[in-house]
Structure formats: C-alpha cells, structure tokens
Colleague: 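Before anything else, here's the structure in question.
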Amino acid sequence: MPRGNFITLEGGEGAGKTTQLSLLCDAFAKVGVEALATREPGGAKGAEQIRALLVSGAVARWDPLTEALLHFAARRDHLVQTVWPALARGAWVVSDRFADSTLAYQGYGQGVDHADLERLYQVAVGDFAPDLTLVLDLPVESGLARAKDRAESSSRYERMDKAMHERLRQGFLAIAQKQPRRCVVIDASAPADVVHAAIRRAVSERLGVALDG
Ligand code: T5A
C-alpha cells in the first residue's frame with residue numbers, strides 16, 4: 001500500500017493554522033482522501049500530557065533546551081502512536097505544527113543552538129520529514145491580536161515578549177527560504193477563505209491532488 005502524504009502547517013501565534021487545518025481536511029474529505037487532523041505538541045495520549053506542561057504556567061518555567069527536549073519527547077510519541085501508523089495504512093496526515101516550530105521557537109526565538117536541534121531531530125525523528133509544509137505568515141501584532149480575541153486564557157507562549165515573536169517569524173521565513181522544495185509561504189493576513197484558496201493551490205501544485213473550490 002502506498003504511504004500517505006504528511007502535510008504540516010506552521011506559523012506564529014494566531015496565524016490561522018487551526019482554522020486552515022479544518023478547512024483543508026474538509027476539502028480532502030470532499031474528494032475522497034482520508035486525512036487525519038492532528039497537532040503538536042500533542043496528537044497522542046502521552047504527547048497531550050507533555051503539552052499541558054508546555055503551554056501553561058510561568059513563562060520562564062523551562063530553560064530553552066529543556067523545552068526543546070520536551071517538544072521532541074512529545075513529537076516522538078506523536079509519530080509512533082499516531083502519524084506513522086496512519087501514513088502506513090495509506091491515510092494522509094495534516095498536523096498543526098511539527099519540527100519547524102521547535103527550530104523557530106526554541107532555536108530562532110529562544111536561542112537554542114541550531115546544530116543541537118538538528119541532532120535531536122535525527123535521534124527522535126530520523127530521516128522522516130513532511131512532504132509539504134505550509135508556512136502561514138502575518139505580522140506579529142495581528143497574530144497576537146487574533147489569538148487574544150479567541151483565547152479564554154492566553155497560553156504561556158502568547159505571553160512571551162514581542163521581540164521573541166518577531167525572531168520566530170523571521171525564523172519561519174528563513175526555514176522556508178532554505179527548503180523551498182518542502183515549504184510554501186502563505187500570506188495569512190488575508191480573509192480565511194482567501195488563505196484557504198492559496199493553500200488548495202499549493203497542495204494541488206506540490207502533491208498533485210485537485211481540491212474543489
Ligand atoms: N511550540 C510548539 C513550540 O514552542 N515548539 C514546538 O516545537 C511546538 C510544536 C502551542 C504552542 O507551542 C509552541 C508554539 C505555540 O505557542 P498551538 O496550540 O498551535 O501551539 O498555539 P497557537 O499557535 O497559539 O495556536 P492558535 O490557535 O492561537 O493559533 P492558530 O491555530 O494559528 O490560529 P486559529 O486558527 O486558532 O485562529 C486564531 C483566531 O483568529 C481567527 C480565528 O477565528 C480565531 O479566532 N482567524 C482569522 N481572523 C481573520 N482572518 C483570518 N484569515 C483568520 N484565520 C483565523
């Protein structure tokens with residue numbers, strides 16, 4: 001059986017990943033593609049427990065390397081329990097965040113050495129990588145305002161300082177520039193239906209599946 005495709009949605013706070021993930025999975029369902037929606041940190045029982053440790057509490061509760069280790073522990077559990085079994089049975093998997101978030105947040109944002117993060121990736125993930133990564137880009141202020149409007153209580157990450165959010169935005173753009181075969185940058189400042197149309201085009205062009213408008 002052919003392996004399914006693995007698509008990741010990346011970007012800063014409030015970029016619209018969750019909204020777009022839902023629209024994309026609906027579009028897949030309409031054309032008969034089984035697509036599993038999942039997220040990081042989380043997406044498996046143990047990984048969700050680790051997520052609770054990461055998104056709540058004081059901003060400075062973890063040093064950045066500890067935080068990166070927790071994200072990779074959650075990621076390994078997510079891959080083993082959820083992502084790899086789904087891909088192996090031929091389903092497609094769409095994940096709200098994956099390893100680019102660790103490089104952007106803990107690397108570009110919080111200063112963990114990029115080579116250390118690459119080594120952790122090799123240990124926890126190996127040669128596996130997304131088939132397509134959609135980087136949702138918009139100004140930091142707009143994303144934080146959207147996240148604030150939506151959230152009942154702000155997550156630990158939303159409370160980090162604005163300079164950190166600017167660094168990670170530039171980090172995502174740098175990642176996309178370095179890996180143009182895997183990554184497509186999407187202007188996420190447009191209305192949700194316009195962003196969705198851009199995502200459908202990118203999926204069609206890169207992965208060869210035509211999605212209805
Ligand atoms: N993290 C994660 C790391 O530091 N390292 C890692 O390795 C990983 C994997 C949790 C946190 O973990 C950190 C980063 C994160 O801070 P998360 O749950 O994905 O990750 O957190 P957020 O990115 O904060 O998720 P949000 O739900 O806030 O943002 P989304 O999913 O990007 O945005 P969404 O779709 O929920 O939309 C936010 C609001 O905007 C509206 C929506 O209706 C909603 O109200 N909206 C729009 N409004 C106008 N125009 C549009 N186009 C809109 N699209 C959505």
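Numbering of ligands and ligand atoms starts at 1, following listing order.
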Colleague: Looking at atom 45 (O) of ligand 1, what's its closest protein heavy atom, distance included?
Modeller: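 Here the closest protein heavy atom is R150 CB, 3.3 Å.
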Colleague: So that I can tick it off, tell me whether R167 and D161 are bridged by a salt bridge, with the cut-off set at under 4.0 angstrom between side-chain N and carboxylate O.
Modeller: no
Colleague: With heavy-atom distances below 4.0 Å as the criterion, list the atoms of ligand 1 near E40.
Modeller: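 Under 4.0 Å from E40, ligand 1 has these atoms: 9 (C).
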Colleague: Given the rule that I, L, V, M, F, W and Y join up when any side-chain heavy atoms are under 4.5 Å apart, are F6 and V125 in one cluster?
Modeller: yes
Colleague: Does a side-chain N-to-carboxylate-O contact under 4.0 Å join E48 and R39?
Modeller: yes
Colleague: Give the atom numbers and elements of ligand 1 that come within less than 4.0 Å of a heavy atom of A192.
Modeller: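 Listed by number with element, the hits are 51 (C), 52 (N).
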Colleague: Below the 3.5 angstrom mark, is there an N/O of P41, backbone or side chain, next to an N/O of ligand 1?
Modeller: no
Colleague: Among all the protein's non-hydrogen atoms, which is closest to atom 12 (O) of ligand 1, and how far away is it?
Modeller: Y157 CE1, 3.4 Å
Colleague: So does R89 pair up with E34, basic N to acidic O under 4.0 Å?
Modeller: yes
Colleague: Starting from atom 35 (O) of ligand 1, what is the nearest protein heavy atom, named by residue and atom, and what distance separates them?
Modeller: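 Atom 35 (O) of ligand 1 sits closest to the protein heavy atom T19 OG1, 2.6 Å.
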Colleague: Considering only protein heavy atoms, which is closest to atom 20 (O) of ligand 1, and at what distance to one decimal place?
Modeller: R97 NE, 3.3 Å
Colleague: Would you mind telling me if ligand 1 is within reach of the side chain of P191, the backbone, both or neither, using heavy atoms under 4.0 Å?
Modeller: backbone
Colleague: If I compare all heavy atoms of L24 with all of V203, which pair ends up nearest, and what's the gap?
Modeller: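 That would be CD1-CG2, 4.1 Å.
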Colleague: Is the ring centre of Y108 less than 6.0 Å from the ring centre of H114?
Modeller: yes
Colleague: Would you give me the side-chain donor-acceptor pairs under 3.5 Å for residues 136-145, sequence neighbours excluded?
Modeller:
from, atom 1, to, atom 2, distance (Å)
D137, OD1, R169, NE, 2.8
D137, OD2, R169, NH2, 2.9
E141, OE2, K162, NZ, 3.3

Colleague: Can you list the ligand 1 atoms lying under 4.0 Å from a non-hydrogen atom of R75?
Modeller: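 Heavy-atom distances to R75 below 4.0 Å select 7 (O), 9 (C).
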Colleague: Closer than 4.0 angstrom, basic N to acidic O: yes or no for D131 and R3?
Modeller: yes
Colleague: Can you tell me the protein heavy atom closest to atom 3 (C) of ligand 1 and the distance?
Modeller: H71 NE2, 3.2 Å
Colleague: Considering K17, E13, R156 one by one, which has a heavy atom nearer to atom 15 (C) of ligand 1 than any of the others?
Modeller: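 The residue whose heavy atom sits nearest atom 15 (C) of ligand 1 is E13.
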Colleague: Quick one: nearest non-hydrogen protein atom to atom 5 (N) of ligand 1, plus distance?
Modeller: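 For this ligand atom, the closest protein heavy atom is Q106 OE1, 2.9 Å.
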Colleague: Is Q177 atom CD crowded by more than 12 heavy atoms from other residues, nucleotides or ligands, each under 6.0 Å away?
Modeller: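 No, CD of Q177 has 12 or fewer neighbouring heavy atoms, counting only those of other groups under 6.0 Å.
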Colleague: Nearest protein heavy-atom contact for atom 31 (O) of ligand 1: which residue, which atom, what distance?
Modeller: T18 OG1, 2.5 Å
Colleague: Looking at Y105 and R97, what are the two nearest heavy atoms and their distance?
Modeller: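 Closest pair (atom of Y105, atom of R97, distance): OH-NH2, 3.0 Å.
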Colleague: Salt bridge check, R75 against E40: does any charged N sit closer than 4.0 Å to a carboxylate O?
Modeller: yes
Colleague: Looking at residues at least two apart in the chain, or sitting in another chain, which of them share a salt bridge (charged side-chain N to carboxylate O under 4.0 Å, His left out) with D116?
Modeller: R119
Colleague: Checking side chain to side chain contact (heavy atoms under 4.5 Å, CB included) for the pair S204/R201: CA distance, chi angles, key distance, verdict?
Modeller: CA-CA 5 Å; S204 300; R201 273 197 304 279; 5.8 Å; no
Colleague: Is there a heavy atom of Q110 sitting under 4.0 angstrom from any atom of ligand 1?
Modeller: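 Q110: no contact with ligand 1 (<4.0 Å).
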Colleague: Name the closest protein heavy atom to atom 18 (O) of ligand 1, giving the residue it belongs to and the distance to 0.1 Å.
Modeller: R51 NH2, 2.7 Å
Colleague: Any heavy atom of D149 sitting closer than 4.0 Å to ligand 1?
Modeller: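 No, D149 has no heavy atom closer than 4.0 Å to ligand 1.
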Colleague: Heavy-atom distances under 4.0 Å are what count here, so tell me which part of D96 touches ligand 1: side chain, backbone, both or neither.
Modeller: side chain
Colleague: Quick test of your reading of the structure: of K148, R159, R146, Q20, whose heavy atom lies closest to atom 46 (N) of ligand 1?
Modeller: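 Shortest heavy-atom distance from atom 46 (N) of ligand 1: R146.
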Colleague: Nearest heavy atom to atom 29 (O) of ligand 1 wins, so pick from A147, G16, S95, G14.
Modeller: G14
Colleague: Would you please determine whether E158 falls within less than 4.0 Å of ligand 1 on a heavy-atom basis?
Modeller: yes
Colleague: Could you tell me whether T102 and ligand 1 have an N or O pair separated by under 3.5 Å?
Modeller: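 Yes: some nitrogen or oxygen of T102 is under 3.5 Å from one in ligand 1.
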Colleague: Heavy atoms only: which of G11, A15, A190 lies closest to atom 52 (N) of ligand 1?
Modeller: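 That would be A190.
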